[in-house]
Amino acid sequence: MTSLLSFSDEVRAARAADRPVVALESTIITHGMPFPKNRETALLVEQTVRDHGAVPATIAVLDGRIRIGLDTNELDALAQAECVMKLSRADLAFALSQHRTGSTTVAATMMAAELAGIAVFATGGIGGVHRGAETSFDISADLNELGRTNVITVCAGAKAILDIPKTLEVLETEGVPVVAFATDELPAFWSRQSGIKAPLRLDSAAELARFWRTRRAIGQNGAILVANPVPSEDEIPADEMARHIEAANRAAAEHGVSGKQVTPFLLARILELTGGRSLATNIALVRNNALLAAQIAVALSAPALKGSQSAI
Ligand code: PSU
Ligand code: MN
């Protein structure tokens with residue numbers, strides 16, 4: 001096992017010193033944003049984590065090893081690489097066994113974070129139930145992963161390209177608590193509003209840390225999903241996004257896009273339709289999530305809280 005996991009110097013030092021660590025995913029770099037904004041964003045997000053007292057661990061698979069933390073050159077190469085595998089639960093071990101390189105989705109990043117003993121993870125938006133799933137059956141493996149893997153996952157809500165009510169139903173079935181941060185409404189990625197009340201609400205990193213410790217104390221497995229609204233000054237209002245989302249979904253259906261291509265296709269289409277504004281919003285919300293994740297990791301590493309980040 002240990003030979004399949006490899007830590008960057010920065011993350012190794014943090015673990016040795018028992019400092020808080022925040023996991024970050026890499027599909028957003030390879031499939032979620034265009035170069036060079038993807039590289040710039042990845043570096044900014046890492047710096048945001050550092051600025052708030054934790055150490056960033058961007059996770060990817062390079063040449064058949066799960067890398068926990070990437071150095072600047074590795075990040076740069078990943079940001080420019082073409083034909084990188086997009087790895088989820090189904091293909092993580094495949095990529096390792098075939099010595100391949102791939103970026104990790106929310107699902108695969110959670111698996112890697114748990115293996116590495118990292119309790120807190122920041123992403124942009126989770127995958128979920130796609131619109132039309134009643135015929136396409138397209139439901140992201142992220143939802144099932146959230147139900148089974150022990151990582152606090154901070155996102156800006158489900159991406160609004162999805163069917164949010166159905167996504168919430170599946171999360172409930174999976175036993176995943178969905179906690180809106182400092183708001184009553186479930187945020188919708190680019191927008192603060194979704195029109196849907198969040199199942200749960202908490203208002204501080206300390207309360208999230210307490211909720212996490214309580215779940216662990218009663219032996220519960222699975223994630224807490226924190227839905228952190230994009231800052232108001234960076235949002236694109238929901239009514240404006242609705243038009244673009246509908247157009248993007250229509251284009252995906254017309255082009256017969258399926259499987260792993262659906263989410264990257266929709267994100268790229270929305271980038272065009274918003275004239276680049278969706279990307280600026282996406283960058284702002286990821287940074288905002290990294291900031292909250294760092295605060296939660298710091299809260300969890302307070303002396304009384306040891307044990308919640310135990311390594312395997
Ligand atoms: N958040 C973003 N951009 C992304 C993603 C999330 O801001 O590209 C990625 C995540 O890695 C998530 C994946 O796990 O999209 C979902 O893909 P799918 O719907 O195929 O499961
Ligand atoms: Mn899918």
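All residue numbers refer to positions in the sequence shown, counting from 1. Keep in mind it's a predicted model, so treat the numbers as computed, not measured. For ligands, and for the atoms within them, numbers begin at 1 and follow the listed sequence.
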Polar contact flag for [X] and ligand 1 (N/O pairs, less than 3.5 Å):
X      : result
Val106 : yes
Gly127 : no
Thr105 : no
Thr104 : no

Who's the nearest protein heavy-atom neighbour of [atom], and how far?
atom                    : answer
atom 19 (O) of ligand 1 : Thr263 OG1, 2.7 Å
atom 2 (C) of ligand 1  : Ile28 CD1, 3.6 Å
atom 15 (O) of ligand 1 : Lys159 NZ, 3.5 Å
atom 21 (O) of ligand 1 : Ser140 OG, 2.6 Å

Ile245/Arg131 under side-chain contact (heavy atoms from CB on, under 4.5 Å): CA gap, chis, key distance, verdict: CA-CA 10 Å; Ile245 288 165; Arg131 298 179 188 201; 3.4 Å; yes
Identified side-chain contact (heavy atoms from CB on, under 4.5 Å) counterpart of Cys155 within the set Thr123, Asp142, Val178: Thr123
Atom indices of ligand 1, in the order listed, that fall short of 4.0 Å to a heavy atom of [X]:
X      : answer
Leu267 : 3 (N), 4 (C), 8 (O)
Glu25  : 1 (N), 5 (C), 6 (C), 10 (C), 11 (O)
Asn282 : 7 (O)

Please tell me if the side chains of [X] and [Y] come closer than 4.5 Å, counting only heavy atoms from C-beta onward.
X      : Y      : answer
Arg213 : Leu300 : yes
Ser194 : Glu185 : yes
Arg269 : His255 : yes
Phe189 : Asn282 : yes

Set of side chain to side chain donor-acceptor pair (under 3.5 Å) partners for Asp51, sequence neighbours left out: Gln47
Name of the Asp138 atom (N/O/S only) found closest to the Mn ion (ligand 2):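 In Asp138, the N, O or S atom with the shortest distance to the Mn ion (ligand 2) is OD1.
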Option of least heavy-atom distance to atom 17 (O) of ligand 1 (set: His31, Lys86, Lys260, His130):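 The nearest heavy atom belongs to Lys86.
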Closest to atom 14 (O) of ligand 1 among Asp142, Leu162, Thr30 (heavy-atom distance):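 Comparing heavy atoms across Asp142, Leu162, Thr30, the nearest one to atom 14 (O) of ligand 1 lies in Asp142.
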Lys166/Glu134 ion pair, N-O < 4.0 Å: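 Salt bridge flag = yes for Glu134 with Lys166.
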NZ (Lys37) with more than 12 external heavy atoms under 6.0 Å: no
Met33 and ligand 1 - part of the residue with a heavy-atom distance under 4.0 Å: neither
Salt bridge (charged side-chain N to carboxylate O under 4.0 Å, His left out) evaluation trace for Arg19 with Glu10: CA-CA 11 Å; Arg19 293 193 50 212; Glu10 186 184 16; over 6 Å; no
